[in-house]
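Let me begin by presenting the structure, written as structure tokens, before commenting on it.
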Number of protein chains: 2
Amino acid sequence: MKLQLFAYEQVKTFIKTRITSGAWKPGDAVPSEAALMAQFSISRMTVNRALRELTAEGMVTRIQGSGTRVAELHRISSRLTIRDIKEEVEERGHTYASTVLLVASEKAAAPLAKSLGLGTGSKVFHTVLVHLENGIPIQHEDRYVNPMAAPDFLQTDFTCFTPAHHLLTCAPLTDASYQIEACLPGNEIAKRLRIKPSEACLAITRRTVSGAHVASVARLVYPGTRYSFAGQFQA
Amino acid sequence: MKLQLFAYEQVKTFIKTRITSGAWKPGDAVPSEAALMAQFSISRMTVNRALRELTAEGMVTRIQGSGTRVAELHRISSRLTIRDIKEEVEERGHTYASTVLLVASEKAAAPLAKSLGLGTGSKVFHTVLVHLENGIPIQHEDRYVNPMAAPDFLQTDFTCFTPAHHLLTCAPLTDASYQIEACLPGNEIAKRLRIKPSEACLAITRRTVSGAHVASVARLVYPGTRYSFAGQFQA
DNA sequence: CAGTGGTCTAGACCACCGA
DNA sequence: CGGTGGTCTAGACCACTGG
């Protein structure tokens with residue numbers, strides 16, 4: 001139980017409530033650090049921390065030499081986390097399983113090679129698997145891996161560790177980019193997910209970078225009726 | 001041009017590179033604040049700031065009395081921003097337009113009333129519109145608004161201001177939750193978006209709260225071939 | 001120029017954890 | 001109990017903005 005708010009939290013809530021109540025409109029000036037020091041009888045470092053955190057949260061905008069203003073709040077921004085599917089399933093208390101459909105080493109065609117930062121025809125690892133929650137398919141994963149980033153990738157037992165899990169342990173993540181879209185699965189993937197080819201799916205295309213190498217490119221397809229992303233925002 | 005890193009940034013990059021290079025594994029101990037003070041010859045507040053920011057970024061975990069450890073990084077987390085569609089289109093340098101299909105006051109059925117925090121049969125505002133980018137439909141918006149939160153909502157000229165924009169100016173945002181899923185549009189919406197009913201769509205269902213009231217419940221449908229979310233992550 | 005924010009210091013007190 | 005992190009202070013110097 002939290003009995004007492006810290007000084008910097010008091011300053012934050014003071015400013016937040018004035019913004020969320022509409023008393024201070026976007027573009028309005030927020031009291032300066034000196035003014036807030038006097039008002040709350042606290043030191044400048046404490047005021048500074050409160051305002052710095054509010055900046056990070058997107059509530060205010062600060063310009064050195066000019067001042068602090070209420071940010072234009074015409075957006076809803078929240079943390080979206082794409083997690084390891086196995087962890088996610090197990091955290092729900094369900095049983096996770098996977099069906100491995102392909103584990104192979106291939107020569108990369110031009111577009112794929114380029115996206116992995118390799119030469120055309122270079123050797124790449126290729127895996128295809130279906131992830132199951134309580135025996136029901138929830139994700140189709142088609143992944144290409146750069147052998148430079150994870151030389152022993154193909155030796156992994158993918159029924160125990162997901163490809164994503166293995167990659168994260170042997171090739172620490174430095175950058176990632178992803179795209180979320182809606183698509184139809186196509187006949188082959190529909191069959192593997194045990195859905196109709198006319199059922200809409202969510203697809204994530206993700207590219208991960210580890211140090212100097214592009215580690216992996218993966219396309220994850222989720223049946224639209226069995227999966228969705230949820231997010232939350234709090235001022 | 002940034003010539004010199006601040007002290008707290010030096011500490012952050014020192015720790016980050018050791019994590020992303022794999023030298024420090026998840027669960028490993030990070031040097032204590034006292035150790036980093038000595039190593040960098042800086043004050044504790046500065047070390048503390050570096051570690052506090054790394055905690056916020058999800059790189060490390062801190063437990064008072066116990067210590068700081070490298071976080072389990074089996075997740076990719078990034079900021080997903082859902083913005084006002086008009087701003088988004090105009091920022092791309094394209095022309096925005098909208099077609100207003102419905103502006104009405106209705107009696108709420110039970111599930112809707114509940115979700116808006118009102119009694120069954122209460123008056124609610126209802127709007128339906130299609131948003132166009134360069135004349136092409138990109139979003140179908142079906143929205144219900146709590147009259148308590150925005151009494152003059154129906155008087156707005158929705159060809160100039162989007163409903164979201166109006167709501168944000170008259171009812172400051174305090175909380176929001178959303179769900180992203182894939183779906184088929186259905187015949188009516190497909191016709192309005194000028195797509196085939198068999199084309200997969202992204203749908204966002206969003207609920208916004210302003211102070212004590214639920215302000216609005218909206219369902220936004222995007223043609224899958226014309227829209228996707230992109231995100232990025234950087235360690 | 002005065003006012004603003006951005007950073008930093010060298011102390012301090014406290015709450016918590018583990019041995 | 002010692003070591004840890006969580007917070008806070010009262011100063012300081014600097015870079016930037018605006019009139």
Side-chain angles (χ1 to χ4, degrees), chain A residues 1-19 24-73 234, chain B residues 1-19 24-73 234:
Chain A
M1 186 54 192
K2 187 91 157 261
L3 297 166
Q4 165 235 323
L5 284 180
F6 292 116
Y8 77 94
E9 291 176 310
Q10 288 182 34
V11 176
K12 283 179 72 176
T13 40
F14 171 81
I15 295 172
K16 268 191 183 177
T17 56
R18 262 145 197 85
I19 293 177
W24 294 351
K25 297 286 182 195
D28 285 2
V30 171
S32 73
E33 296 194 350
L36 291 166
M37 278 173 69
Q39 182 177 340
F40 287 86
S41 302
I42 56 178
S43 94
R44 207 192 130 199
M45 275 303 280
T46 306
V47 172
N48 183 271
R49 174 171 176 183
L51 290 171
R52 190 153 26 82
E53 292 190 359
L54 288 174
T55 308
E57 294 169 22
M59 301 288 296
V60 301
T61 306
R62 317 194 75 189
I63 300 172
Q64 189 173 128
S66 172
T68 305
R69 306 187 161 270
V70 178
E72 308 289 332
L73 247 232
Q234 277 197 38
Chain B
M1 185 56 189
K2 185 96 160 253
L3 297 165
Q4 166 238 325
L5 285 179
F6 293 115
Y8 77 94
E9 291 176 310
Q10 288 183 35
V11 177
K12 282 179 72 176
T13 41
F14 171 81
I15 295 172
K16 268 190 184 179
T17 57
R18 265 145 196 85
I19 293 178
W24 294 352
K25 299 285 182 195
D28 284 2
V30 171
S32 72
E33 296 193 349
L36 290 166
M37 277 174 69
Q39 182 178 338
F40 287 87
S41 303
I42 56 178
S43 92
R44 205 190 133 201
M45 276 302 280
T46 307
V47 174
N48 183 269
R49 174 171 177 182
L51 290 171
R52 190 152 28 80
E53 292 189 0
L54 288 174
T55 307
E57 293 168 23
M59 302 288 295
V60 301
T61 306
R62 316 195 76 191
I63 299 173
Q64 188 172 134
S66 171
T68 306
R69 304 185 162 274
V70 177
E72 307 289 332
L73 246 238
Q234 277 199 35

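Numbered from 1 within each chain, the chains take letters A, B, ... in sequence-line order.
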Pairs meeting criterion ring pair (Phe, Tyr, Trp, His ring centres under 6.0 Å) with involvement of residues 33-58 of chain B, two or more places apart: B:Phe14-B:Phe40
side-chain hydrogen bond (donor to acceptor under 3.5 Å, both in side chains) against B:Arg52, all qualifying residues, sequence neighbours excluded: B:Asn48
Nucleotides 1-10 of chain D: protein proximity per nucleotide (B base, S sugar-phosphate only, - neither; heavy atom, under 4.0 Å): --BBBBBBBB
A:Thr61: side-chain hydrogen bond (donor to acceptor under 3.5 Å, both in side chains) partners, not counting sequence neighbours: none
Sequence-distant partners of B:Arg69, side-chain hydrogen bond (donor to acceptor under 3.5 Å, both in side chains), two or more places apart: none
With sequence neighbours excluded, residues passing salt bridge (Lys or Arg N to Asp or Glu O under 4.0 Å) with A:Arg44: A:Glu33
